[in-house]
Engineer: 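Okay, here's the structure, questions in a sec.
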Amino acid sequence: MFGAGLLLPDTIGCSSDDKPQTPQPTPSRELFNPATVRAKDGLLDIEMTITEIQVTVGQYTFMTRAYTGLKVNAGEANFEGTYTGTIPGPSIELSPGDKFKLKLINGLPDDDSAVDPGECGMTTTGGHGGHGPGMQNNTTNFHTHGLHVDPGPPGDDVFLEIGPGQSYDFVFDIPKELVMPDGTMADHPAGTYWYHPHFHGATAIQVAGGMVGALIIRDEWQDDLDKMFSPEPKPGQGKEQLLVVGELMLQTKDACTGKTRLATYKEMGAGGPLPDTVEDFFYVNGQINPILRMRPSEVQRLRVLHTGFRAPLDIAFLRVPDDQVDAATSLPKPGYDPFGYSCASNNGPPMLNRDALRAKSAPYYQVATDGITYAAPLKMPMADAVSEIEYVVPPGGRVDLLTQFEAGTYQMVALGYLDFVCWAPQVLATVIVSGEPDKSLEIPQALTPPALYPSFDDMAKPGNQVENTRTLEFAVALDGQGGAHFTIDGRTFCETRIDQCMALGAVEEWTIKNKWDMMAGETVHPFHIHVNSFLVTSINGKKPAQPIWRDTVLIPTSGMQGVDGSLKFQSRFLHYEGKYVLHCHILEHEDEGMMQLLEVKKDAACEPSMVDTCPMP
């Protein structure tokens, strides 16, 4: 066993309509940590069960799906006895060379049972107008987002269909001593990853409902950050804190039932200001605005996972003026507003000056993106960013941050995002810095990037020569009836059509275009590809201020009418043959078809596509 016993968060619970609820204590705002399971002696063998459950997040209670059962057959856990979970799911910790066995049990009701009610007054017979019978919203699978692992069964196969009442036995081998093109060896990078369902057509509703969890690869022997920080620090180590940022869109008062429910796809994709009864907000570890505690000068590592489905995350740490801090609690006084902006007070586009607020942020340091450690810490906010693409965390993305603050009270905030009409800023967490100073650690000056992702600087080195180029076009087009079509290269996803065929070991440069449309205008699309990460080399024709490897990145808009945005990256398609996908990580866009099937085969000998089964959108 390791760690403390499991404490379920007071801000999340479950109840039944058949019996009165037991009075609950006042919710604790101290940061809650999800249950954790970890491999032991090279093996983690667990069973996870998905069920329908009623949860409470902040002031809202609603029905959703969650990883509610967890049994550990081999490995370690920080809880004893029966685990009953809610959202987010348990954290999974592995190391290079580990074998991860997972029996995923789908305990949801059948697909003709509407866990998600349709929109009031609307009959749903299919399509994404609502979430009624026939939607297969209760069919699922399991994706390890960001891992460099085998995409075929029984591993990270996103084409699996695990229906209600069914189960599947996954096996993931976390690679160790992989051979690189230059003959050197590489282990899987230690870093911050996550898991979530990836059943096409139901990904958004399941992820948006909280079916997410952290997946951490640790390497205390080789990784600089893992040597320096731990959730339970030993002498000479700093504290690590896990922040699983989720996003909920809720219909707070259904017009027919009067109850709170998850938003439907139609509500998720709303093109204008959200209705008064629809709320879109972030939560952290299942809580609203939890408290993080630090000591003056203490260096802490924050693992930030953006497991939301829609809105980008723009982080700053704003100090609360001392005269606005309650002396008894060290919390901001009631009514204190760091933003001075509300959607309700403005019928037009948001007027929030994010740049001005960002400039007021207390300095912090970014040390990894999408699980890949930098060569040196990057001081934030960035002073020389070419584009906000460099610092905004897209849905699906992760950042590892190092913080070191003076005594005081701070608010970790999301600054909102202008491309989402009236999508307001929000306080994510309150950071209280108090007590005796801790000067045992300093911000490191240099770090060791992972061997799996070497730079492309030396073009004479094996594995660095670009052998092929591709261009993909992400587009949203409105038809004459006002319906939106989400396409890549003019087509929506089809499982029988291979859109991109790569040779195993190929080194390629891709250009991703964000097409401007006369009717739809500019839209935001986070690009994500499975199995292999990529190095961004150009943002709208300009070299980024920092060379950063990613597996998820926002495709920029151009900012000019009639001009497409563009992004270039380089990537190596190493070690694994098979079929997997690339897609937009605004998940309702993916479910509506903004996804492509790619195949990696020796000598690019991909299977023929059955194009006759793939109608145009």
Side-chain angles (χ1 to χ4, degrees), residues 28-31 229 238-243 245 281-285 287-304 306 312-342 350-367 377-385 388 390-393 399-417 423-444:
S28 169
R29 283 186 54 194
E30 300 295 324
L31 180 70
F229 300 95
K239 185 172 180 58
E240 169 190 311
Q241 303 216 52
L242 177 68
L243 306 180
V245 180
F281 57 93
F282 290 127
Y283 62 89
V284 178
N285 292 7
Q287 298 168 284
I288 303 298
N289 189 14
I291 296 171
L292 282 67
R293 296 190 183 272
M294 303 178 185
R295 292 166 64 183
S297 299
E298 177 188 8
V299 180
Q300 286 198 8
R301 177 187 190 179
L302 305 183
R303 293 184 185 263
V304 182
H306 186 352
L313 182 61
D314 189 353
I315 296 172
F317 291 86
L318 304 179
R319 181 163 181 171
V320 181
D322 291 343
D323 62 358
Q324 294 298 314
V325 176
D326 185 303
T329 63
S330 296
L331 295 171
K333 292 180 179 178
Y336 172 70
D337 177 14
F339 305 113
Y341 170 79
S342 169
M351 302 302 293
L352 177 71
N353 189 334
R354 291 190 303 155
D355 290 334
L357 275 174
R358 190 180 295 108
K360 295 180 181 179
S361 177
Y364 62 100
Y365 295 84
Q366 197 162 291
V367 290
L378 174 59
K379 189 174 183 180
M380 302 291 285
M382 289 181 67
D384 56 351
E388 65 184 14
E390 294 187 78
Y391 51 76
V392 171
V393 186
V399 289
D400 285 56
L401 310 177
L402 300 185
T403 59
Q404 187 179 40
F405 299 141
E406 298 176 352
T409 298
Y410 301 78
Q411 290 178 317
M412 181 181 180
V413 301
L415 293 176
Y417 202 75
W423 189 79
Q426 180 190 335
V427 177
L428 296 173
T430 298
V431 182
I432 297 177
V433 185
S434 62
E436 291 296 318
D438 179 354
K439 298 183 178 180
S440 58
L441 285 181
E442 294 293 336
I443 302 294

Engineer: For the atom pair CD1 (Ile443) and OH (Tyr364), what is the distance rounded to the nearest 0.5 Å?
Structural biologist: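 Going from the CD1 atom of Ile443 to the OH atom of Tyr364 covers 13.0 Å.
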
Engineer: Hey, could you give me the CG/CD distance between Leu402 and Glu442, rounded to the nearest 0.5 Å?
Structural biologist: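 Separation between the atoms: 11.5 Å.
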
Engineer: Kindly say whether Leu331 contributes a backbone atom to a donor-acceptor pair with the side chain of Thr409 at under 3.5 angstrom?
Structural biologist: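 Pair absent, no side-chain N/O of Thr409 close to backbone of Leu331.
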
Engineer: I'd like to know if Arg303 and Glu240 make a salt bridge, using a cut-off of under 4.0 Å between side-chain N and carboxylate O.
Structural biologist: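 A salt bridge is present here (some side-chain N lies under 4.0 Å from a carboxylate O).
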
Engineer: Can you tell me how far the CZ atom of Arg301 sits from the CG atom of Leu242, to the nearest 0.5 Å?
Structural biologist: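 Nearest 0.5 Å value for the CZ-CG distance: 10.5 Å.
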
Engineer: Within the 4.5 Å heavy-atom criterion, are Glu406 and Val433 side-chain neighbours or not?
Structural biologist: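 They are not in side-chain contact.
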
Engineer: Could I get the full list of ring-ring contact (aromatic ring centres under 6.0 Å, His included) partners for Tyr391, not counting sequence neighbours?
Structural biologist: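 Result, ring-ring contact (aromatic ring centres under 6.0 Å, His included) vs Tyr391: none returned.
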
Engineer: Using a 4.5 Å cut-off on heavy atoms from C-beta on, say whether the side chain of Gln411 contacts that of Tyr336.
Structural biologist: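 They are in contact (side-chain heavy atoms under 4.5 Å apart), so the answer is yes.
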
Engineer: Looking at side-chain heavy atoms only, is the closest gap between Gln287 and Arg29 below 4.5 Å?
Structural biologist: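 A side-chain contact under 4.5 Å is absent here.
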
Engineer: Quick check: closest heavy atoms across Leu357 and Pro338, and the distance to 0.1 Å?
Structural biologist: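 Looking at all heavy atoms of both residues, the shortest contact is CD2-O, 3.7 Å.
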
Engineer: Whether the side chain of Lys333 engages the backbone of Asp323 through a donor-acceptor N/O pair (distance < 3.5 Å, no angle test) should be reported.
Structural biologist: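 Between the backbone of Asp323 and the side chain of Lys333 there is a qualifying donor-acceptor contact (under 3.5 Å).
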
Engineer: Just so I know, are the side chains of Met294 and Lys239 near enough to count as touching, which here means a heavy-atom distance under 4.5 Å?
Structural biologist: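 The answer is no; the side chains never approach within 4.5 Å.
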
Engineer: In the structure I gave you, are the side-chain heavy atoms of Gln404 and Leu441 within less than 4.5 Å of one another anywhere?
Structural biologist: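 With C-beta onward as the side chain, the pair stays apart.
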
Engineer: Please examine the side chains of Glu390 and Leu378, heavy atoms only from C-beta on, and report whether any two atoms are closer than 4.5 Å.
Structural biologist: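 No; the side chains remain at least 4.5 Å from each other.
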
Engineer: Give the ring-plane orientation class for Phe405 versus Phe317, where under 30° counts as parallel, over 60° as perpendicular and anything between as tilted.
Structural biologist: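 Rings of Phe405 and Phe317: tilted, as their planes differ by 30° to 60°.
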
Engineer: A side-chain contact here means heavy atoms from C-beta on lying under 4.5 Å apart; do Ser361 and Met380 qualify?
Structural biologist: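 Ser361 does not reach Met380 side chain to side chain.
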
Engineer: Determine the minimum heavy-atom distance between Phe281 and Ile288, stating which atoms define it.
Structural biologist: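 So the minimum-distance heavy-atom pair works out to CE1-CD1, 3.6 Å.
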
Engineer: For a quick test of reading the model, state the closest non-hydrogen atom pair linking Ala407 to Pro296 and the distance between them.
Structural biologist: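 For Ala407 versus Pro296, the nearest heavy atoms are CB-CG, 3.8 Å.
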
Engineer: With rounding to the nearest 0.5 angstrom, report the CD to CZ distance, Gln241 to Arg293.
Structural biologist: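 Answer for the CD-CZ pair, Gln241 versus Arg293, is 11.0 Å.
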
Engineer: Would you compute the distance between atom CG of Leu401 and atom CG of Leu302 and round it to the nearest 0.5 angstrom?
Structural biologist: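 With rounding to 0.5 Å, CG (Leu401) is 5.5 Å from CG (Leu302).
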
Engineer: Could you go through Val245 and Leu313, starting from their C-alpha distance and side-chain angles, then the distance that decides it, and tell me whether this counts as side chain to side chain contact (heavy atoms under 4.5 Å, CB included)?
Structural biologist: CA-CA 9 Å; Val245 180; Leu313 182 61; 4.3 Å; yes

Engineer: Less than 4.5 Å apart, any side-chain heavy atom of Leu292 and any of Thr403?
Structural biologist: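 With C-beta onward as the side chain, the pair stays apart.
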
Engineer: Measure from the side-chain N and O atoms of Gln426 to the backbone N and O of Asn289, and report whether any donor-acceptor pair falls under 3.5 Å.
Structural biologist: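 Side chain of Gln426 to backbone of Asn289, a donor-acceptor pair under 3.5 Å: no, none is there.
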
Engineer: Treating Thr430 as the side-chain partner and Ile291 as the backbone partner, does any N or O pair qualify as donor plus acceptor under 3.5 Å?
Structural biologist: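 No, Thr430 side chain to Ile291 backbone: no donor-acceptor pair under 3.5 Å.
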
Engineer: Please give me the minimum heavy-atom distance between Pro437 and Arg295, naming the atom from each residue.
Structural biologist: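 Reported closest heavy-atom pair: O-NH2, 3.6 Å.
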
Engineer: Once rounded to the nearest 0.5 Å, what's the spacing between atom CG of Leu428 and atom CG of Leu243?
Structural biologist: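 It is 8.5 Å, given to the nearest 0.5 Å.
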
